[in-house]
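Index from 1, following the sequence. In this text, all values refer to a predicted model and were calculated from it rather than measured experimentally.
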Amino acid sequence: VDPRAAIAQTLKSSSCVLIVCHVGPDGDCLGAGLALGLALRRLAVPTTVASADGVPPSLAFLPGAAAVVTAVPAARVDVAVTMECSTLDRAGALAEAVRRARTIVAIDHHADHVPYAHLLDWDLHAAAVGEQVADLIDGLGVTVDRDIAVCLLTAVLTDTGVFRFANTTPRALRLAATLMERGAAVHEVVRLVYEEQPPSTLRLLGRVLDGFTLHYGGAVATAVITPDMLAVCGARPEEASGIAAMLRTIAGVRLAMTFEGGGSRVRVSIRSRDGARADRVARTLGGGGHPAAAGADVTGSLEEAMRLALEAAAREVGAIPHGDQATR
Ligand SMILES: [Mn+2]
């Protein structure tokens, strides 16, 4: 049975749907979640879109974003749909509401998905879950209007880095073309997501990039983001989210990492290319993600987090022998 058809049937006949984004929501989970919400409302299915961490300012333009809730009443929902939550923990404070649902649907494209849902649409070849939701909306028989198109295009553009990452496929480009025919525009979404930044974001970028370090013959780049830097620039922690991707643009760098925090908890963002695996490094640190983009929250000091991450990074770029390569 095609899971997407079964999911469409379940959603159509549902009395109440709760769509849940992952913690630290991005353009894919919010765009895909809001698109599905708009489509279900067109079918008169009562639907709530929820995100434990709310909506970041750069995604507040998404149609329906103003109605996103951060918590839901204790009442049992009929169907809960998680948007790229590889484990239920990724739903954050909303995990309990999902657990209470009569039917749990999971839509994910992460390799590290641990099945927990009654119905699972797991597509490792999708550049964004927005691609899966586009198919699902098609299966629901809803015609994509401009609002839905803007949401889905945002999902595809943000997860492919505006068609720059290795996950950019003909399928992603074809979907984007279709969405443009429905009234969404690539340049408008790019401007709204990436080119309306507060000055503090660029001040922070400048300060952090000024102090990056290269390791292992230039194959690994790291930078530290301290609470002091954020304070001096007047920046919020989430404004540091693009810096690891920026480090990856240095010639020769295959793995880039930023370490954010002071105190006893360090947020590690990892970006990679040319065969180095960000998700493997992240898993060593207790986190997860995609081959090219991953992250972890490490309990411990900054020094300890950096030591562990650099050790794992060395294996990825071949600076020391790979644990399981000796047997191959
Ligand atoms: Mn995604």
Side-chain angles (χ1 to χ4, degrees), residues 20-26 28-29 51-53 82-96 98-99 106 108-117 120 122 124 129 159 208 213 215-216 219-227 230 237-238 240-245 247-248 254-273 275-325:
V20 175
C21 296
H22 58 70
V23 289
D26 59 12
D28 187 21
C29 73
S51 162
D53 289 342
T82 61
M83 283 296 153
E84 53 174 355
C85 296
S86 48
T87 64
L88 206 37
D89 287 349
R90 294 281 294 150
L94 293 161
E96 207 32 60
V98 174
R99 248 180 233 114
D108 198 6
H109 66 139
H110 289 87
D112 59 354
H113 188 90
V114 179
Y116 54 85
L120 171 62
W122 187 19
L124 290 173
V129 288
D159 260 26
V208 175
T213 307
H215 313 258
Y216 309 129
V220 175
T222 60
V224 172
I225 303 159
T226 64
L230 294 172
E238 54 271 29
S241 65
I243 300 180
L247 284 174
R248 186 179 51 184
R254 296 172 59 208
L255 203 97
M257 302 187 284
T258 57
F259 300 85
E260 191 179 344
S264 60
R265 202 167 141 272
V266 184
R267 170 82 200 150
V268 187
S269 292
I270 310 160
R271 298 292 181 272
S272 65
R273 60 179 176 181
R277 289 271 301 269
D279 57 334
R280 272 202 294 241
V281 176
R283 272 201 295 279
T284 309
L285 303 170
H290 294 289
D297 281 310
V298 182
T299 309
S301 69
L302 190 66
E303 292 69 27
E304 180 65 3
M306 287 189 78
R307 192 185 63 75
L308 290 170
L310 279 169
E311 222 174 81
R315 284 194 293 274
E316 284 308 312
V317 301
I320 56 173
H322 212 292
D324 56 8
Q325 252 173 17

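Residues Val266 and Thr299 are not in side-chain contact: their nearest non-hydrogen atoms beyond the backbone lie 4.5 Å or more apart. Contact of the Pro115 side chain with the His113 side chain is registered, since non-hydrogen atoms from C-beta on lie closer than 4.5 Å. Two residues are said to be in side-chain contact when any heavy atoms from C-beta on lie closer than 4.5 Å; Ser86 and Asp108 meet this criterion. Side chains of Pro237 and Leu230 form a contact here, defined as non-hydrogen atoms less than 4.5 Å apart. Between Thr284 and Leu308 there is no side-chain heavy-atom pair separated by less than 4.5 Å. Counting heavy atoms from C-beta outward, Val114 and Tyr116 have side chains that stay 4.5 Å or more apart. In this structure the side chain of Val224 reaches within 4.5 angstrom of the side chain of Met306, judged on heavy atoms.
Scanning for side-chain hydrogen bond (donor to acceptor under 3.5 Å, both in side chains) contacts around Thr222 gives His215, with sequence neighbours left out. Scored by the ring pair (Phe, Tyr, Trp, His ring centres under 6.0 Å) test, His290 finds His109, His110 as partners (sequence neighbours excluded). Listed by chain and number, the residues in a side-chain hydrogen bond (donor to acceptor under 3.5 Å, both in side chains) with Arg99 are Glu96 (sequence neighbours excluded). Taking His22 as the reference, nothing meets the ring pair (Phe, Tyr, Trp, His ring centres under 6.0 Å) condition, with sequence neighbours excluded. Taking the side-chain hydrogen bond (donor to acceptor under 3.5 Å, both in side chains) definition, one finds that Arg277 meets it with Asp279, sequence neighbours left out.
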Yes or no on side-chain contact (heavy atoms from CB on, under 4.5 Å) for Asp159 and Asp26, after CA distance, side-chain angles and deciding distance?
CA-CA 9 Å; Asp159 260 26; Asp26 59 12; 3.9 Å; yes
Test log, rule side-chain contact (heavy atoms from CB on, under 4.5 Å), inputs Ser269 and Ile243
CA-CA 9 Å; Ser269 292; Ile243 300 180; over 6 Å; no
Begin with the C-alpha distance, continue with both residues' side-chain angles, and end with the deciding distance and a verdict on side-chain contact (heavy atoms from CB on, under 4.5 Å) for Val23 and Arg90.
CA-CA 6 Å; Val23 289; Arg90 294 281 294 150; 3.6 Å; yes
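Residue Cys21 holds its SG atom at 10.0 Å from CG of Asp53, rounded to the nearest 0.5 Å.
Nearest heavy-atom pair across Gly288 and Asp112 is CA-OD2, 3.7 Å. Minimum heavy-atom separation, Ile225 to Ala240: CD1-CB, 3.7 Å. The two residues Ala278 and Ile270 have their closest heavy-atom pair at CB-CG2, 3.6 Å. Among all heavy-atom pairs drawn from Ala282 and Ala294, the shortest one is CB-CB, 3.6 Å. Considering every non-hydrogen atom in both Ala91 and Ala52, the closest pair reads O-CB, 3.7 Å. Contact detail for Cys29 and Glu84: the closest heavy-atom pair is N-OE2, 3.2 Å.
Under a 3.5 Å cut-off, the side chain of Tyr216 and the backbone N or O of Ala221 do not form any donor-acceptor pair. Using a distance-only test at 3.5 Å, with no hydrogens or angles considered, a donor-acceptor pair links the side chain of Ser301 to the main chain of Glu304. Ser272 places a side-chain N or O within 3.5 Å of a backbone atom of Pro291 that can act as its donor or acceptor partner.
Salt-bridge annotation for Arg307 and Glu303: absent, with no side-chain N of the basic residue lying under 4.0 Å from a carboxylate O of the acidic one. A salt bridge links Glu316 with Arg280; the closest basic N to acidic carboxylate O contact falls under 4.0 Å.
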Would you mind writing out the side-chain donor-acceptor pairs for residues 255-265 within the sub-3.5 Å range, not counting sequence neighbours?
none

